[in-house]
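One structure is given here, and the rest of the page talks about it.
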Amino acid sequence: MTRLVVVGNGMVGARFVEDLLAADDLGRFQVTVLGAEACEPYNRVLLSEVVSGAHDLGSLALPSPRHPRLRVHRGDAVAWLDREDRVVGTRGGRRTRYDLLVLATGARARVPELPGLGPELPAGVHPLRTIDDAREIVAATLNARSAVVLGAGVLGLEAASGLARRGLSVTVVHPAPGLMDRQLDADASRVVETAMTRMGIAQRVGVGAAAALVRDDRLHGLRLTSGEVLLADLLVVAAGTVPDTDLAASAGLRTDRGIVVDAQLATSDRRVHAIGDCAQPPEGSTGLVAQGWDQARQLAAHLTGSGQPARTTDTGPADVVRLKASGLDVVTMGVCGSRREDDPRRRTVRLTDPDRGRHVEVVVSDERLVGATCVGAPDVAADLVAAYTRRTPVPVDPAYLLLPALPSRAGAAGTEPASLAAHATVCRCNGVSKADIVAGHAAGATTAEAVATATRATTGCGGCLEEVCRLLDWLDGTGPGRPAQAARRSPGEPVLTRRTTAP
């Protein structure tokens with residue numbers, strides 16, 4: 001029997017183990033998982049929803065694999081790796097031998113080197129990367145009155161919205177020229193800035209942090225590169241992540257920004273593989289969980305020799321980004337943002353309406369939607385996501401993609417359940433199709449919670465929850481009405497509206 005050790009019990013590591021054991025029909029693998037965190041796997045994507053109060057910590061738990069050939073050790077981080085002897089050792093003294101090793105060590109929050117911030121962060125300063133981070137931030141909001149969020153990427157804006165919902169005075173500091181600059185261009189950023197101002201969230205865009213002001217080991221404010229001082233009781237650091245390559249690098253594996261892997265996800269040592277945020281594949285890393293889960297499926301299929309990933313649904317592109325922030329509707333996909341390259345083969349059509357808080361842009365090439373940015377128009381975003389992920393032909397005039405209220409929308413992708421093809425993907429993170437949900441419903445999964453358990457739908461970014469609810473209502477013959485959807489909510493789950501982009 002092959003001894004396979006997985007280092008990391010997060011979203012990607014746990015998913016890989018589940019897919020591997022499901023595909024291991026011959027019972028070849030004895031699997032040991034070594035996790036640094038003491039808890040069960042949880043949905044890290046929704047940590048900002050904990051900060052906002054939309055979810056409690058318990059609701060983030062993910063299904064944990066149970067199998068007679070699986071052993072899981074939690075709360076004991078791996079400290080060293082001996083590739084010659086093929087053994088890993090933990091801080092607690094556990095030694096585990098392997099025939100094959102999979103590194104799923106993820107990434108760490110990047111904390112900028114600022115005066116006032118040492119290796120041990122002062123009270124009031126928190127990154128947002130783990131469930132413990134979220135717990136500490138929520139606890140800090142009970143006594144804090146003002147907060148600064150350092151970084152205005154997706155996580156930073158979600159955190160700022162969540163803190164504002166809890167009644168704090170919030171300022172976002174972002175050194176780049178625009179908010180969410182990886183996804184938004186200048187026009188879209190200005191629309192989001194206006195929406196945030198209306199929400200009471202201040203911004204300092206194009207200005208960086210110069211120093212954290214600390215007294216008696218407690219934060220009191222932040223000095224900016226402009227010289228301005230922002231007084232604050234709480235600083236949330238959302239300045240990106242750094243792939244956790246320490247273990248791999250200390251063992252002599254090839255690393256760059258991440259652990260360098262080939263198309264089969266193998267490292268420079270053929271007995272060692274890497275997946276998820278710690279890995280650097282040939283095509284580059286998106287930082288989205290959908291890519292990590294796809295790698296988990298691929299590696300499970302490769303190691304078991306099954307030839308195909310455990311789930312074969314075509315999930316379409318895995319680069320749809322949804323902002324999970326109350327009051328801010330932002331969805332981007334594919335070619336978007338100010339950093340994109342000019343390409344004469346692409347046609348771009350945009351509608352900017354800052355007074356109404358709307359900005360919609362579509363990028364079309366070869367009769368397909370290859371990118372889009374949608375701010376403040378969730379109904380349009382739903383159709384654009386469907387057209388992009390399902391690769392449906394676009395109208396002859398792409399302007400119809402911007403204006404779904406026009407009666408002539410030939411070629412637009414239908415998003416209502418009856419018009420959805422059976423093979424169409426509903427949950428892109430997990431590759432769950434309409435047919436999967438129909439089969440689950442027939443087997444008794446008649447609520448969103450039951451569908452999540454049966455198919456994994458909604459357990460990734462959560463952006464498909466509303467579509468799953470519409471499908472369930474359609475299957476029950478009750479239509480897409482709000483009362484039936486509200487009745488499907490699990491205890492503690494927020495009420496859905498058409499402006500909801502995530503649970």
Side-chain angles (χ1 to χ4, degrees), residues 6-22 31 33-51 55 57-66 70 72-75 77-78 102-109 127-135 154-155 158 240-244 258-259 261 265 273-281 285-300 309-311 315 318-322 324 427-432 452-453 455-465 502-503:
V6 181
V7 179
N9 193 33
M11 296 181 74
V12 174
R15 177 61 60 84
F16 164 72
V17 171
E18 188 175 353
D19 285 341
L20 178 92
L21 292 173
V31 182
V33 177
L34 303 173
E37 294 185 90
C39 56
E40 298 275 356
Y42 58 89
N43 191 333
R44 198 183 304 275
V45 178
L46 299 182
L47 286 174
S48 61
E49 297 282 83
V50 173
V51 173
H55 279 281
L57 290 169
S59 67
L60 269 60
L62 294 173
S64 187
R66 299 286 189 270
L70 170 65
V72 180
H73 303 286
R74 303 183 184 88
V78 172
V102 176
L103 301 177
T105 50
R108 303 186 301 270
L128 180 53
R129 181 64 186 173
T130 69
I131 202 166
D132 287 338
D133 294 335
R135 184 183 292 111
V154 174
L155 181 61
E158 291 176 351
T241 60
V242 179
D244 192 344
I259 304 170
V261 296
L265 301 164
H273 295 74
I275 56 177
D277 286 343
C278 68
Q280 182 177 318
S285 177
T286 66
L288 300 177
V289 70
Q291 183 184 37
W293 281 349
D294 185 57
Q295 290 172 350
R297 288 190 290 267
Q298 291 180 34
L299 184 56
R311 300 188 64 83
T315 60
D319 56 356
V320 177
V321 175
R322 296 175 182 268
K324 299 178 289 300
C427 176
R428 290 171 303 282
C429 293
N430 292 288
V432 181
T453 300
T455 69
R456 298 175 177 165
T458 76
T459 62
C461 72
C464 63
L465 177 60

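If you're wondering where the values come from, they're calculated on a predicted model, not measured in any experiment. One-based numbering along the sequence shown.
- A salt bridge does not link D277 with R44: none of the charged nitrogens is closer than 4.0 Å to a carboxylate oxygen.
- Looking at N9, its side chain never comes within 3.5 Å of a backbone N or O of E37 through a donor-acceptor pair.
- Taking CG of L299 as the start and CZ of F16 as the end, the distance is 4.5 Å to the nearest 0.5 Å.
- Across every non-hydrogen atom of R74 and S64, the tightest pair is NH2-OG, 3.5 Å.
- Taking the charged nitrogens against the carboxylate oxygens, R66 and E40 do have a contact shorter than 4.0 Å, which makes a salt bridge.
- For D244, the salt bridge (charged side-chain N to carboxylate O under 4.0 Å, His left out) criterion is met by R108, not counting sequence neighbours.
- A distance-only check finds a donor-acceptor pair linking the side chain of Q295 to the backbone of G276 [under 3.5 Å].
- A donor-acceptor pair under 3.5 Å is formed between the side chain of D133 and the backbone N or O of T130.
- Nearest approach of M11 to Y42, heavy atoms of both residues: CG-O, 3.2 Å.
- Between V17 and V33, the shortest heavy-atom distance links the atoms CG2-CG2, 3.6 Å.
- Between atom CD of residue E158 and atom CG of residue L46 there is a gap of 9.0 Å, rounded to the nearest 0.5 Å.
- Expressed to the nearest 0.5 Å, how far CG of N43 lies from OG1 of T458 amounts to 9.0 Å.
- To the nearest 0.5 Å, atom CD of residue E49 and atom CG of residue L60 are 9.0 Å apart.
- C427 has its side chain out of reach of T455: every pair of non-hydrogen atoms, C-beta onward, lies at least 4.5 Å apart.
- Minimum interatomic distance between P243 and C278 (heavy atoms only, all atoms of both residues): CB-CA, 4.1 Å.
- Shown here for S48 and L128, the closest heavy-atom pair between the two residues is CA-CD2, 4.3 Å.
- Taken from CZ in R135 to CG in L47, the straight-line distance is 10.5 Å, to the nearest 0.5 Å.
- Contact check for S285 versus Q291: side-chain heavy atoms found under the 4.5 Å cut-off.
- Residues P281 and Q298 fail the side-chain proximity criterion, which asks for heavy atoms closer than 4.5 Å.
- Nearest heavy atom pair, residue A107 against residue R129, reads O-NE, 3.2 Å.
- One finds the CD1 atom of I275 at 11.0 Å from the CG atom of D294 (value rounded to the nearest 0.5 Å).
- Residues H55 and K324 are not in side-chain contact: their nearest non-hydrogen atoms beyond the backbone lie 4.5 Å or more apart.
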